[in-house]
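Below is one structure, written out as structure tokens; the observations come after it.
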Amino acid sequence: MDGLIFDIKRYAIHDGPGIRTTVFMKGCPLRCRWCHNPESQHYQPEAMEQKRKLGERTFTENHTVGYRISTDDLMREIRKDDVFFEESGGGVTFSGGEPLLQADFLLECLRRCKAEGIHTCVDTAGAVSTPLLDDICQYTDIFLFDVKTAEEQVFKTYIGASYSTVIDNLQRIAANGSHIVARIPVIPHVNDSEDDINKIIALLADIPQVREVNLLPFHRTGADKYKRLGRNWEMGDTPNLTKDDLQSMQQQFTDAGFVVKV
Ligand code: SF4
């Protein structure tokens, strides 16, 4: 079996516990306006402009983002980092894009990792319905589940696709008893008011599997990629947020009984 990925990042320290190898799977049904990996969205290889320096001169050329890889080859890549996993309590994280879009490939990779004793995380926005979700839960140690808003209208305006699918998947993963960490990208004027956060807290309060929250401040690092892909960056000149900007919402989550990391 093979799947479509666009990157493998080694020594990642923000994608779950310990030192991790993060596999970025290509394809996502959502279109979050702030997405900092727009090259992950289309479910096909695509051209992205790249600048290269040769002496004093700078050249622009296209390179292809996305390639197919077999589970055998991917496992070979993952195993190279075994020693780091063992020493740090790390493992592999499947991210994207949306890993659930390639549910059969994801499930096969997870099975193979668990058979070799490798810790697994799935970083998902929960945006795809799949009959394989219960099986995926069996082989996933931690879900890093994006919770972008608790309001359907906000979801429709800024993110697209189906809000109810996301909520159904969140509840189904919880019903499987899986460990879930909620990841909240904090976006100015989208989900950063006290009221926005209270609504997210009310949503998560009903899900006992979620006791840890990661707050991810908005940043503009992906803006340049949109130009390189020939697309529009729709966040205009929205400024970066800093950790300090998130202090009051961090306190809201703490007061509500969540463990919060920023
Ligand atoms: S869910 Fe993630 S990968 Fe998909 S568009 Fe949103 S930010 Fe990008």
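Just so you know, ligand 1 is whichever comes first in the structure, and atom 1 is the first atom listed for that ligand. Being a predicted model, the structure only gives us computed values, none of them experimental. Throughout, numbering of the chain's residues begins at 1 and tracks the sequence.
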*Salt bridge check: are R10 and D81 linked by an N-O gap of less than 4.0 Å?*
yes
*Relative to the heavy atoms of S40, which atoms of ligand 1 are at a distance of less than 4.0 Å?*
3 (S)
*Quick one: list whatever passes side-chain contact (heavy atoms from CB on, under 4.5 Å) with E151, sequence neighbours left out.*
T149, V154, D196, K199
*Aromatic plane relationship, F84 with Y11 - under 30° parallel, 30 to 60° tilted, over 60° perpendicular*: perpendicular
*Return yes if some donor-acceptor pair links the side-chain N/O of E98 with the main-chain N/O of A125 below 3.5 Å, else return no.*
yes
Name each donor-acceptor pair under 3.5 Å that joins a side chain in residues 129-136 to protein atoms two or more places apart or in another chain, with its distance.
{"residue": "T130", "atom": "OG1", "partner": "L132", "partner atom": "N", "Å": "2.9"}
{"residue": "D134", "atom": "OD1", "partner": "R172", "partner atom": "NE", "Å": "3.3"}
{"residue": "D134", "atom": "OD1", "partner": "N176", "partner atom": "ND2", "Å": "2.9"}

*With sequence neighbours left out, what residues match T64 under side-chain contact (heavy atoms from CB on, under 4.5 Å)?*
P45
*2.8 Å cut-off (strict), protein N, O or S atoms about atom 6 (Fe) of ligand 1*: 1
